[in-house]
Visitor: 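Can you read through this structure? Questions will come right after.
The first residue in the sequence is number 1, and the count goes up from there. Since the structure is predicted, the reported quantities are computational estimates derived from the model, not experimental observations.
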Amino acid sequence: MKPLFKGGKRPSSHLSASRAGAKPLEGNERVLRPKLESVQKRKDVQFFSTMNECHYDKQMDFFYNRSNTDTDTSDDWTGTKLVILLCVGTFFCLFIFFSNSLVIAAVIKNRKFHFPFYYLLANLAAADFFAGIAYVFLMFHTGPVSRTLTVNRWLLRQGLLDTSLTASLTNLLVIAVERHMSIMRMRVHSNLTKKRVTLLILFVWAIAIFMGAVPTLGWNCLCDISTCSSLAPIYSRSYLIFWTVSNLVAFFIMVVVYLRIYMYVKRKTNVLSPHTSGSISRRRTPMKLMKTVMTVLGAFVVCWTPGLVVLLLDGLNCKECDLQHVKRWFLLLALLNSLMNPVIYSYKDEDMYSTMKKMICCFSQEKNPERRPSRITSTVLSRSDTGSQYMEDGISQSTVCNKSSS
């Protein structure tokens with residue numbers, strides 16, 4: 001008889017395999033396991049290659065999607081709100097340009113300001129003027145336009161803001177050094193030459209440009225997108241931590257230094273004022289300059305510290321912090337700092353206020369030439385009045401001399 005395979009009993013080998021608990025599958029696993037491992041290795045290689053790939057040719061839309069940042073290009077930045085924001089920002093920027101230009105022109109025109117302190121103050125006004133340029137560039141490259149920017153254009157946008165902040169901060173540090181040199185020698189102004197002041201100004205802008213260009217030079221997350229921040233999608237979180245911590249430490253050092261100088265000036269002024277023969281205004285000049293600088297420093301710290309704290313939290317990868325909804329308001333607060341400084345100069349310094357006022361009046365008179373004849377006649381009358389006054393003084397002096405001789 002022939003063995004029955006169909007409908008009959010299975011071979012003993014198959015029966016033993018089924019009883020042994022699917023031992024035939026071990027052979028299949030040995031064949032499939034290397035294939036699965038090779039596929040997994042390919043996936044890992046592809047994953048790490050995409051993570052380590054440099055995305056210089058991508059648009060910002062790619063990075064905003066990776067960082068889940070939709071607020072920068074949300075509906076809040078479109079329509080009526082965007083128009084209002086642009087109008088308010090344009091007004092602020094025009095005022096920044098006009099007022100800081102007045103400060104620079106006043107320092108150049110008035111010889112009373114031809115001292116190192118006022119040269120550095122004019123450089124601080126130049127930093128505020130540069131901040132206005134950075135904000136204008138930001139206004140026209142924000143909102144829905146942000147997603148269409150290239151990497152280089154976005155780095156330029158942020159680099160201008162970083163440069164303006166670093167220029168203001170470094171300039172305040174240099175002013176602190178200048179005030180320390182003059183106060184320790186009990187002088188109103190230091191003996192820095194114009195050449196040294198020029199070198200200090202060039203040093204300020206060199207540091208500012210370098211710090212603004214650091215992300216462009218390579219400290220970014222274009223080649224490692226896993227380290228990208230949320231508020232600045234192509235800034236590395238490590239760079240944000242370094243930049244914000246260094247600025248906050250500089251803020252603290254400046255506040256301590258200026259407080260020590262202020263207390264020293266106040267103590268010395270109180271001790272020496274009864275024994276000095278100079279005028280009251282001359283004795284109070286160092287204190288007035290220190291009050292001006294302290295007010296500028298206080299406004300700078302108040303306007304910039306909230307934004308730096310937000311960037312620090314983003315660098316620390318604080319996912320529970322709602323940073324996207326507050327960053328724009330802190331940016332506007334930083335914009336107000338460049339607007340406040342010229343107001344502080346004119347309010348705290350009477351000479352600066354009078355010089356700026358005269359420049360505005362001269363500019364308005366040039367725009368209205370019909371007022372010039374009245375001005376000429378008034379000057380002629382004033383000269384005739386002064387001449388008659390001199391004649392009267394000479395007559396009175398001659399009568400006094402005749403009486404004394406008799």
Visitor: With a 4.5 Å cut-off on side-chain heavy atoms, are F251 and L297 touching?
Guide: no
Visitor: I'd like to know if the side chain of D162 and the backbone of M211 have a donor-acceptor N/O pair within less than 3.5 Å.
Guide: no
Visitor: Heavy atoms only: give me the nearest L169-A250 pair and the separation to one decimal.
Guide: CD2-CB, 3.9 Å
Visitor: Among all residues two or more places apart in sequence or in another chain, which pass the side chain to side chain contact (heavy atoms under 4.5 Å, CB included) test with F252?
Guide: V256
Visitor: Quick one: list whatever passes ring-ring contact (aromatic ring centres under 6.0 Å, His included) with Y353, sequence neighbours left out.
Guide: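 Partners of Y353 by the ring-ring contact (aromatic ring centres under 6.0 Å, His included) criterion come out as none, since no residue qualifies.
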Visitor: So among D224, I241, T227, which one has a side-chain contact (heavy atoms from CB on, under 4.5 Å) with S236?
Guide: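 With S236 as partner, D224, I241, T227 yield a single side-chain contact (heavy atoms from CB on, under 4.5 Å), made by T227.
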Visitor: Can you list every pair that meets ring pair (Phe, Tyr, Trp, His ring centres under 6.0 Å) and has a residue in residues 210-238, with sequence neighbours left out?
Guide: W154-Y235, W219-Y239, W219-F242, Y235-Y239
Visitor: For L155 and P215, work out which heavy atoms get closest and say how close.
Guide: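 Nearest pair, atom of L155 first, then P215: CD2-CB, 4.2 Å.
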Visitor: Just how far is it from atom OG of S338 to atom CZ of F97, taken to the nearest 0.5 Å?
Guide: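 Here the interatomic distance stands at 10.0 Å.
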Visitor: Quick check: do V293 and Y262 have side-chain heavy atoms less than 4.5 Å from each other?
Guide: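 V293 does not reach Y262 side chain to side chain.
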Visitor: Between CG of L86 and SG of C93, what distance do you get to the nearest 0.5 Å?
Guide: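 It comes to 10.0 Å.
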Visitor: Give, for atom NZ of K58 and atom CD1 of I234, the distance between the pair rounded to the nearest 0.5 Å.
Guide: 14.0 Å
Visitor: Using modelled atom types and a 3.5 Å cut-off, is there a donor and acceptor pairing between side-chain atoms of T244 and backbone atoms of L240?
Guide: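 Pair found, side chain donor or acceptor close to backbone of L240.
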Visitor: Output the distance between atom CG (L121) and atom OH (Y345), rounded to the nearest 0.5 Å.
Guide: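 If I round to the nearest 0.5 Å, the distance is 4.5 Å.
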Visitor: Test the R157-F137 pair against the cation-pi criterion, namely NZ or CZ under 6.0 angstrom from the six-membered ring centroid and within 45° of the ring axis.
Guide: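 No cation-pi geometry.
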Visitor: Quick check: do L192 and L200 have side-chain heavy atoms less than 4.5 Å from each other?
Guide: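 Answer yes - side chains close enough.
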Visitor: State, with a plain yes or no, whether a side-chain heavy atom of Y119 is found less than 4.5 Å away from one of V107.
Guide: yes
Visitor: Is the backbone N or O of D61 less than 3.5 Å from a side-chain atom of N65, with the two atoms forming a donor-acceptor pair by type?
Guide: yes
Visitor: Could you walk me through whether V257 and R179 satisfy the side chain to side chain contact (heavy atoms under 4.5 Å, CB included) test, starting with their C-alpha distance in whole Å, then the side-chain angles of each, then the deciding distance to 0.1 Å, before giving a yes or no?
Guide: CA-CA 10 Å; V257 170; R179 285 292 86 199; over 6 Å; no
Visitor: Do L332 and L336 touch side chain to side chain, with heavy atoms closer than 4.5 Å?
Guide: no
Visitor: Measuring only between side-chain heavy atoms, which start at C-beta, is D349 closer than 4.5 Å to Y118?
Guide: yes
Visitor: Flag the pair M340 / V296 as yes when at least one side-chain heavy-atom distance between them is below 4.5 Å, and no otherwise.
Guide: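 In short, these two side chains do not touch, never coming nearer than 4.5 Å.
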Visitor: Are the side chain of S168 and the backbone of S164 linked by a donor-acceptor contact shorter than 3.5 Å?
Guide: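 Yes: the side chain of S168 pairs with the backbone of S164.
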Visitor: What are the two closest non-hydrogen atoms of C221 and P233, and how far apart are they?
Guide: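 Answer, listing the atom of C221 first, then P233: SG-O, 3.5 Å.
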Visitor: Using atom types as modelled and distance alone, determine if a side-chain donor or acceptor of T170 lies under 3.5 Å from a backbone N or O of A167.
Guide: no
Visitor: On a heavy-atom basis, which atom in A106 and which in M356 lie closest, and how many Å separate them?
Guide: CB-CG, 4.2 Å
Visitor: Check for a donor-acceptor pair, side chain of H141 on one end and backbone N or O of S146 on the other, with a separation under 3.5 Å.
Guide: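 Such a contact is absent between H141 side chain and S146 backbone.
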Visitor: Is T142 reaching over with its side chain to a backbone N or O of M139, donor-acceptor style, under 3.5 angstrom?
Guide: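 Side chain of T142 to backbone of M139: no pair is present.
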Visitor: About how many Å separate NZ of K195 and OG1 of T198, when rounded to the nearest 0.5 Å?
Guide: 10.0 Å
Visitor: Could I get the full list of side-chain hydrogen bond (donor to acceptor under 3.5 Å, both in side chains) partners for W243, not counting sequence neighbours?
Guide: none
Visitor: Could you give the distance from CH2 (W304) to CG (L311), rounded to the nearest 0.5 Å?
Guide: 9.5 Å
Visitor: Quick one: closest heavy-atom pair of T166 and A208, and the distance?
Guide: CG2-CA, 3.7 Å
Visitor: Quick one, L308 with L312, criterion side chain to side chain contact (heavy atoms under 4.5 Å, CB included). Give me CA distance, side-chain angles, the key distance, then yes/no.
Guide: CA-CA 6 Å; L308 291 177; L312 178 61; over 6 Å; no
Visitor: Step by step, work out the side chain to side chain contact (heavy atoms under 4.5 Å, CB included) result for W329 and L333.
Guide: CA-CA 6 Å; W329 305 112; L333 182 62; over 6 Å; no
Visitor: Do T355 and N110 have a side chain donor and acceptor closer than 3.5 Å?
Guide: yes
Visitor: List the residues meeting side chain to side chain contact (heavy atoms under 4.5 Å, CB included) with T295, not counting sequence neighbours, and say none if there are none.
Guide: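 Once residues adjacent in sequence are excluded, the partners of T295 under the side chain to side chain contact (heavy atoms under 4.5 Å, CB included) criterion are I344, K348.
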Visitor: Go through the steps for Y135 and L161 under the test side chain to side chain contact (heavy atoms under 4.5 Å, CB included), then give the verdict.
Guide: CA-CA 7 Å; Y135 292 130; L161 293 174; 3.5 Å; yes
Visitor: Any idea which heavy atoms bring A125 and V103 closest together, and the distance?
Guide: CB-CG1, 3.9 Å
Visitor: Answer yes or no: is there a side-chain heavy-atom contact under 4.5 Å between L335 and I96?
Guide: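 They are in contact (side-chain heavy atoms under 4.5 Å apart), so the answer is yes.
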Visitor: Please check this pair: side chain of D314 against backbone of S230, looking for a donor-acceptor N/O pair closer than 3.5 Å.
Guide: yes
Visitor: With sequence neighbours excluded, what pairs up with Y258 under the ring-ring contact (aromatic ring centres under 6.0 Å, His included) test?
Guide: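 Testing Y258 for ring-ring contact (aromatic ring centres under 6.0 Å, His included), a comparison that skips the adjacent residues, returns none.
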Visitor: Taking R237 for the side chain and C228 for the main chain, is one N or O donor matched with an acceptor at less than 3.5 Å?
Guide: yes
